[in-house]
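Just so you know, ligand 1 is whichever comes first in the structure, and atom 1 is the first atom listed for that ligand.
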Amino acid sequence: MAIRPILCLPDPRLRAVSQNVGVVDDEVRALMDDMLETMYAAPGIGLAAIQIGVAKRVLVIDLSKKEDEEKTPMFFADPEILERSEEESVYEEGCLSIPEYYEEVSRPAKVRVRYLDRNNERREIEVEGLLATCLQHEIDHLDGKLFIDHLSRLKRERAIKKFEKAARQNAPAAPRGPEIRARQG
Ligand code: K1U
Ligand code: ZN
């Protein structure tokens with residue numbers, strides 16, 4: 001198992017649409033293990049494969065709160081939302097790819113989801129509460145969507161600008177070409 005770097009806004013790979021895996025084999029299980037370790041280390045309650053740069057429709061979730069609490073990891077491959085409730089619920093969401101930025105998002109309160117589990121068994125679950133919110137947030141990642149896409153245009157553009165600026169400031173300085181040195185010398 002390995003902790004992998006998490007991509008952050010404005011990395012364009014976060015906008016990729018991920019591909020179905022079809023079968024959960026040892027390679028997909030190894031990816032799930034790396035994702036789980038990366039999510040626990042962050043820490044977070046969910047992670048989609050594209051957040052570590054892998055464009056496969058795989059996600060992990062663990063909503064257990066305390067470090068000493070027994071871990072309850074959930075593994076999903078090729079998830080599909082079959083039904084969404086009309087009723088919505090609002091939750092203040094965060095995202096490991098948009099660090100230290102939180103906003104309220106409204107989503108369907110209940111969803112029915114079909115997926116492949118870690119043992120390649122096809123399953124269907126109906127979920128509500130934080131699990132419904134987190135699953136929808138992670139499935140959005142698989143479609144290249146971020147939670148800021150659910151906000152007003154003003155809030156979304158402000159957030160994107162903030163992270164673009166941070167990325168520019170953290171970027172290594174461009175190497176100076178000989179013509180610049182010649183002009184200076
Ligand atoms: O997908 C991600 O970026 C992970 C994200 C999941 C999520 C959080 C809240 C609502 C919907 C989806 C996170 O885990 S952000 C971090 C977080 O919520 C958290 C971190 C430590 C302890 C408890 C929660
Ligand atoms: Zn996220």
Side-chain angles (χ1 to χ4, degrees), residues 1-18 21 28 31-81 84-85 87-113 115 125-152 155-160 162-164 166-167:
M1 291 217 285
I3 296 174
R4 312 248 211 122
I6 296 177
L7 308 182
C8 282
L9 192 70
D11 193 310
R13 287 171 288 180
L14 289 169
R15 294 308 192 172
V17 176
S18 297
V21 294
V28 173
L31 170 64
M32 287 169 162
D33 290 342
D34 281 2
M35 288 169 61
L36 199 66
E37 197 176 357
T38 303
M39 184 194 78
Y40 285 142
I45 56 172
L47 194 75
I50 194 62
Q51 292 180 276
I52 56 165
V54 178
K56 292 185 176 170
R57 298 187 83 82
V58 174
L59 64 93
V60 296
I61 291 178
D62 189 338
L63 301 182
S64 52
K65 286 199 178 73
K66 300 198 183 92
E67 254 185 42
D68 51 356
E69 213 176 287
E70 201 184 321
K71 292 194 179 356
T72 52
M74 300 177 77
F75 303 91
F76 299 80
D78 299 352
E80 290 170 76
I81 299 181
R84 297 169 168 83
S85 64
E87 186 200 344
E88 299 235 323
S89 79
V90 175
Y91 192 85
E92 188 176 71
E93 298 192 15
C95 181
L96 297 175
S97 298
I98 312 177
E100 290 165 40
Y101 183 81
Y102 302 89
E103 281 289 347
E104 286 191 339
V105 176
S106 180
R107 299 183 184 268
K110 275 189 199 168
V111 284
R112 171 171 284 280
V113 177
Y115 65 101
I125 48 170
E126 189 169 285
V127 293
E128 58 187 330
L130 181 54
L131 182 53
T133 296
C134 193
L135 247 178
Q136 290 174 80
H137 175 117
E138 303 308 334
I139 292 172
D140 269 358
H141 274 301
L142 306 183
D143 293 322
K145 222 170 158 190
L146 299 170
F147 85 90
I148 53 170
D149 300 337
H150 293 272
L151 307 179
S152 69
K155 280 189 178 172
R156 179 170 60 255
E157 285 177 357
R158 268 197 200 148
I160 292 171
K162 180 178 156 190
F163 282 88
E164 280 174 347

For [atom], the protein heavy atom that lies nearest, with its residue and separation:
atom: atom 20 (C) of ligand 1; answer: Pro43 O, 3.3 Å
atom: atom 3 (O) of ligand 1; answer: Leu96 N, 2.7 Å
atom: atom 11 (C) of ligand 1; answer: His137 ND1, 3.6 Å
atom: atom 14 (O) of ligand 1; answer: Ile45 N, 2.8 Å
atom: atom 6 (C) of ligand 1; answer: Glu138 OE2, 3.4 Å

Under 3.5 Å, is there a donor-acceptor pair between the side chain of [X] and the main chain of [Y]?
X: Arg57; Y: Leu142; answer: yes
X: Arg112; Y: Glu126; answer: no
X: Glu164; Y: Pro10; answer: no

Looking at atom 8 (C) of ligand 1, would you say a protein heavy atom lies below 4.0 Å from it?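 Under the 4.0 Å cut-off, atom 8 (C) of ligand 1 does have protein heavy-atom neighbours.
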So Phe163 and Tyr101, would you call those rings parallel, tilted or perpendicular, with 30° and 60° as cut-offs?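 Taking Tyr101 first and then Phe163, their aromatic rings stand perpendicular (interplane angle over 60°).
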Between Cys95 and His141, is the side-chain contact (heavy atoms from CB on, under 4.5 Å) condition met? List the steps. CA-CA 10 Å; Cys95 181; His141 274 301; 3.5 Å; yes
Using the salt bridge (Lys or Arg N to Asp or Glu O under 4.0 Å) rule, collect all pairs that involve residues 130-142, keeping only residues at least two apart or in two chains.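 Qualifying pairs, neighbours excluded: Arg107-Asp140.
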Would you mind running through ligand 1 and noting each atom that sits below 4.0 Å from a heavy atom of [X]?
X: Gly44; result: 14 (O), 20 (C)
X: Cys95; result: 3 (O), 15 (S)
X: Gly46; result: 1 (O), 2 (C), 4 (C), 14 (O)
X: Gly94; result: 5 (C), 7 (C), 8 (C), 9 (C), 15 (S)
X: Gln51; result: 1 (O), 2 (C), 3 (O)
X: His141; result: 1 (O), 3 (O)

For Asp149 and Arg156, run side-chain contact (heavy atoms from CB on, under 4.5 Å): C-alpha distance rounded to whole Å, both residues' side-chain angles, the deciding distance at 0.1 Å, then the answer. CA-CA 7 Å; Asp149 300 337; Arg156 179 170 60 255; 3.5 Å; yes
Report the distance from atom CG of Asp11 to atom CD of Gln51, rounding to the nearest 0.5 Å.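 Reported to 0.5 Å precision, the distance equals 11.0 Å.
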Show your working on side-chain contact (heavy atoms from CB on, under 4.5 Å) between Val127 and Val111 and close with a plain yes or no. CA-CA 6 Å; Val127 293; Val111 284; 3.7 Å; yes
For Glu93 against Val105, the heavy-atom pair lying closest together: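 That would be OE2-CB, 3.5 Å.
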Of the choices Glu93, Arg107, Glu100, which has the non-hydrogen atom that lies closest to atom 10 (C) of ligand 1?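 Selected option, by shortest heavy-atom distance: Glu93.
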For the residue pair Lys56 and Ser18, establish whether any side-chain heavy-atom pair is separated by less than 4.5 Å.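 Heavy-atom side-chain distance check fails, nothing below 4.5 Å.
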From the Zn ion (ligand 2), how many protein N/O/S atoms are found at a distance short of 2.8 Å?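 That number is 3, waters not included.
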Got more than 12 heavy atoms from elsewhere within 6.0 Å of CZ, Arg158?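 Atom CZ in Arg158 is not crowded, with 12 or fewer foreign heavy atoms closer than 6.0 Å.
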